Amino acid sequence: MTQEQKLICAIAGLKEREKALIFGRVFEELEFEELGKRHGISGKQAEMAYYYAIRKIRKGMEGTKDGI
């Protein structure tokens, strides 16, 4: 399986809110405070959820950091 395929599988395994947080942070370049407002949580909770999702992606890619 290529790195790209591993990344796609890892992202597909995330919850919808986790996907939305990553999309908002990476592609929309939103601050955690704004992400929190969108999802009805605090900025700190949005930050923690974002980094938790990133760790899940890395674990899904067998611990590699490539492509993130």
Side-chain angles (χ1 to χ4, degrees):
M1 189 180 274
T2 67
Q3 290 292 69
E4 291 82 11
Q5 291 169 324
K6 289 179 185 179
L7 179 60
I8 290 168
C9 288
I11 291 173
L14 295 176
K15 296 176 183 175
E16 288 303 313
R17 186 174 91 170
E18 293 169 333
K19 291 177 191 175
L21 287 169
I22 289 175
F23 183 86
R25 182 72 174 162
V26 174
F27 296 108
E28 296 180 51
E29 299 179 354
L30 297 174
E31 298 290 332
F32 290 119
E33 288 298 321
E34 180 62 30
L35 287 172
K37 287 179 187 174
R38 283 190 178 188
H39 297 282
I41 57 178
S42 72
K44 188 64 175 173
Q45 288 173 314
E47 182 179 2
M48 291 179 354
Y50 169 82
Y51 285 113
Y52 178 75
I54 293 295
R55 285 193 303 274
K56 284 175 68 173
I57 291 172
R58 286 184 178 151
K59 185 176 180 181
M61 295 181 66
E62 301 171 340
T64 63
K65 296 181 181 177
D66 302 357
I68 303 266

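These figures come from a predicted structure and were not determined experimentally. Numbers here simply count residues along the sequence, with the first being 1.
In terms of hydrophobic clustering, with Ile, Leu, Val, Met, Phe, Trp and Tyr side chains grouped at heavy-atom distances under 4.5 Å, Ile54 and Leu14 are assigned to a common cluster. A continuous path of ILVMFWY side-chain contacts below 4.5 Å connects Ile11 to Leu35, so both sit in one hydrophobic cluster. Val26 and Tyr51 fall within the same hydrophobic cluster, where Ile, Leu, Val, Met, Phe, Trp and Tyr residues are linked whenever their side-chain heavy atoms come under 4.5 Å apart, directly or through other members.
Residue Lys44 comes nearest to Glu33 through the heavy atom pair N-OE2, 4.5 Å, listed as atom of the first residue, atom of the second, then distance. Across Phe32 and Ala46, no two heavy atoms sit closer than the pair O-CB, 3.6 Å. Nearest heavy atoms, Leu21 versus Ala49: CD1-CB, 3.5 Å.
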Using the side chain to side chain contact (heavy atoms under 4.5 Å, CB included) rule, take Ile41 and Arg17 through it: C-alpha gap first, then chi angles, then the decisive distance, then the call.
CA-CA 11 Å; Ile41 57 178; Arg17 186 174 91 170; 3.8 Å; yes

Side chain to side chain contact (heavy atoms under 4.5 Å, CB included) between Met1 and Cys9, worked out:
CA-CA 10 Å; Met1 189 180 274; Cys9 288; 4.2 Å; yes

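Residues meeting the side chain to side chain contact (heavy atoms under 4.5 Å, CB included) test with Lys37, sequence neighbours left out: Glu34. Take Glu28 and apply the side chain to side chain contact (heavy atoms under 4.5 Å, CB included) test, not counting sequence neighbours, and it matches Phe23, Leu30, Arg38. For the side-chain hydrogen bond (donor to acceptor under 3.5 Å, both in side chains) test, residues two or more places apart in sequence or in another chain that qualify with Glu16 are Lys19.
Atom CD1 of Ile8 and atom CD of Glu4 lie 7.5 Å apart (nearest 0.5 Å).
Counting heavy atoms from C-beta outward, Tyr52 and Glu18 have side chains that approach closer than 4.5 Å.
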